[in-house]
Q: 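Okay, here's the structure, questions in a sec.
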Amino acid sequence: MPECVPIHAGDRGRIGLKIGGKLEKVNGKELSYADFVQRYLAKNQPVLLTGLTDDWRACKDWVSDDGTPNLRFFSDHFGASKVQVADCVTKEFTDQKRVEMSVAEFIKNWPNISGSDNGGANGESLMYLKDWHFVKEYPDYVAYNTPVFFLDDWLNLYLDKYRMHDDPESYQERNEISCSDYRFVYMGAKGTWTPLHADVFRSYSWSANICGRKQWYFLSPNQHHLVFDRYMKSCVYDIFEDVSKSKYPGFEKAIWWECTQEQNEIIFVPSGWYHQVHNMEDTISINHNWFNAYNISWVWDLLLREYHEAEGYIEDIKDICDDFEGLCQRNLAANAGKH
């Protein structure tokens, strides 16, 4: 039977969640690729891997002697980079509000540096740097080596050679970095978080903690309907807020998996697993989205469903549109969650 326990998310609330599983922790050095495929990739099961970051440059340059983020290093070496930053206390549509700023500006407003140690309290902004295309922007700075388990990556191998957008109407030179790949760096102070979601394209993802600690909550694909409304259109935003029973009648039936991710540990997130993540300490992480033969059916099913939805929205202008198919494809690209 699943255990119903009170789960804390910082000072943001308390709710009883049914916890039915914990991620297996495996020493990556003792795991063969064949075993990883058989036990996790083919079965679409999450796992927590250790022992794979020992020789990463990021684990040395980006971490201070006390184990906290080396913010001065980022300001000195990458401060001019423009990045997307999420305001964790402000919801905008179905995600957190995002603003663009330089890395130096983001670090200047880091809670401990700016003199505040309680970001997000009393309505104050709590900023989380997300989706920084670090590898594409700094190709000569080799921060890490992708573990062998994640090298069969059709998505990023394709984008290393081809642009996301070939259509001049949907591609602009200033977006060359922002549409370039799905390799990201995240940086956030204690208390920052990511709302409940499943990954872009229903891809796999892996996330490595360079420093800090994260708390993860997972929901398996066969239960994802429990966090949607009756029409399967609206998803729960935050599992720790007062979730409406009338709007999301199945939410209390959901059985969650939980995992605490420590420094130098890597989580493999399979396709279609909804998850919400909280930074329990000041944290830096490296994250990739990717797909291959084992989950391409997930990607195809999502894109086909999104295509038919995009087509249906503009069906009434089909007879007067010179390039209806092209418009459908552009709407698909806009709606499918591309960074």
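Quick note: numbers below take in every heavy atom, side chains included, and nothing from hydrogens, waters or symmetry partners.
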Q: Step by step, would you call His278 with Phe240 a ring-ring contact (aromatic ring centres under 6.0 Å, His included)?
A: CA-CA 11 Å; His278 294 261; Phe240 293 105; 5.2 Å; yes
Q: Scan for salt bridge (charged side-chain N to carboxylate O under 4.0 Å, His left out) pairs involving residues 295-321, sequence neighbours excluded, and state none if there are none.
A: Lys233-Glu309
Q: Would you say the side-chain atoms of Ser207 and Lys214 include a donor-acceptor pair closer than 3.5 Å?
A: no
Q: If we ignore angles and hydrogens, is there a donor and acceptor under 3.5 Å between the side chains of Asn279 and Lys190?
A: no
Q: Going by the angle between their ring planes, with limits at 30° and 60°, are Phe36 and Phe149 parallel, tilted or perpendicular?
A: tilted
Q: Linking Ile, Leu, Val, Met, Phe, Trp and Tyr by side-chain heavy atoms under 4.5 Å, what else ends up with Leu23?
A: Leu48, Trp216, Phe218, Trp257, Ile267, Val269, Trp273, Val277
Q: Using side chain to side chain donor-acceptor pair (under 3.5 Å), reason through Tyr186 and Asp131 one step at a time and then give a plain yes or no.
A: CA-CA 6 Å; Tyr186 281 47; Asp131 303 329; 2.6 Å; yes
Q: Do you reckon Trp56 sits in the same ILVMFWY cluster as Leu151, going by side-chain contacts under 4.5 Å, direct or chained?
A: yes
Q: Could you tell me whether the side chain of Asn295 and the main chain of Ser271 form a donor-acceptor pair under 3.5 Å?
A: no
Q: Just by modelled atom types, is the Trp300 backbone N or O under 3.5 Å from a matching donor or acceptor in the Arg202 side chain?
A: no
Q: Grouping I, L, V, M, F, W and Y whenever their side-chain heavy atoms are under 4.5 Å apart, do Leu155 and Trp298 come out in a common cluster?
A: no
Q: Distance-only, no hydrogens or angles: does the His133 side chain make a donor-acceptor pair with backbone N or O of Asp181 under 3.5 Å?
A: yes
Q: Please evaluate residues Tyr138 and Phe78 with respect to the criterion ring-ring contact (aromatic ring centres under 6.0 Å, His included), reporting the C-alpha separation (whole Å), side-chain torsions for both, the decisive distance (0.1 Å), and the verdict.
A: CA-CA 9 Å; Tyr138 297 98; Phe78 316 117; 4.8 Å; yes
Q: Do the side-chain N and O atoms of Asp152 and Tyr294 include a donor-acceptor pair separated by under 3.5 angstrom?
A: no
Q: Closer than 3.5 angstrom, by distance alone: can the side chain of Glu265 be matched with the main-chain N or O of Glu262 as a donor-acceptor pair?
A: yes
Q: Within the supplied structure, the quantity of interest is the number of heavy atoms (other residues, nucleotides, ligands) at a distance under 6.0 Å from Arg72 CZ; does it exceed 12?
A: no
Q: Does Tyr141 share a hydrophobic cluster with Val103, counting links as ILVMFWY side-chain heavy atoms below 4.5 Å and allowing steps through other members?
A: yes
Q: Looking at Lys97, I want to see if its NZ is surrounded by more than 12 non-hydrogen atoms of other residues, nucleotides or ligands under 6.0 Å.
A: no
Q: Would you say that Leu219 contacts Leu196 through its side chain, given a criterion of any heavy-atom pair below 4.5 Å between the two side chains?
A: no
Q: Say whether Asp238 and Gln276, considering side chains only, have a donor N or O and an acceptor N or O under 3.5 Å apart.
A: yes
Q: Is the side chain of Gln96 donor-acceptor paired with the backbone N or O of Trp193 at a distance under 3.5 Å, no angle test?
A: yes
Q: Is there a path of hydrophobic side-chain contacts, each under 4.5 Å between heavy atoms, that joins Leu304 and Val299?
A: no
Q: Please verify the inter-ring angle class for Trp290 with Phe268; under 30° counts as parallel, over 60° as perpendicular, anything in between as tilted.
A: tilted
Q: Counting distance only, does the side-chain N/O of Asp229 pair as donor-acceptor with the main-chain N or O of Met232 below 3.5 Å?
A: yes
Q: My understanding is that only one of Tyr182, Trp62, Phe74 makes a ring pair (Phe, Tyr, Trp, His ring centres under 6.0 Å) with Phe134; could you say which?
A: Trp62
Q: Above 12 or not: heavy atoms from other molecules or residues under 6.0 Å from CD of Glu24?
A: yes
Q: Just by distance, do the side chain of Thr283 and the backbone of Glu281 share a donor-acceptor pair under 3.5 Å?
A: yes
Q: I need the single residue from Tyr248, Tyr237, Tyr274 that forms a ring pair (Phe, Tyr, Trp, His ring centres under 6.0 Å) with Phe228. Which is it?
A: Tyr274
Q: Do the ring planes of Trp110 and Phe106 sit parallel (below 30°), tilted (30 to 60°) or perpendicular (above 60°)?
A: perpendicular
Q: What verdict does the side-chain contact (heavy atoms from CB on, under 4.5 Å) test give for Tyr204 and Asn44, after you've listed the backbone C-alpha separation in whole Å, the side-chain angles of each residue and the deciding distance to 0.1 Å?
A: CA-CA 9 Å; Tyr204 295 140; Asn44 207 48; 3.7 Å; yes
Q: May I have the step-by-step check of side-chain contact (heavy atoms from CB on, under 4.5 Å) for Trp132 and Ile286, ending in yes or no?
A: CA-CA 9 Å; Trp132 181 9; Ile286 291 168; over 6 Å; no
Q: For the residue pair Gly191 and Leu126, what are the closest heavy atoms and their distance?
A: O-CD2, 3.3 Å
Q: Is the shortest side-chain heavy-atom distance between Val185 and Met187 below 4.5 Å?
A: yes
Q: Mind listing the closest non-hydrogen atom pair of Asn156 and Asp153 along with its distance?
A: ND2-OD2, 2.7 Å
Q: Please determine whether the number of non-hydrogen atoms from other residues, nucleotides or ligands lying under 6.0 Å from atom CZ of Phe73 exceeds 12.
A: yes
Q: Is any side-chain heavy atom of Gln329 less than 4.5 Å from a side-chain heavy atom of Asp323?
A: no
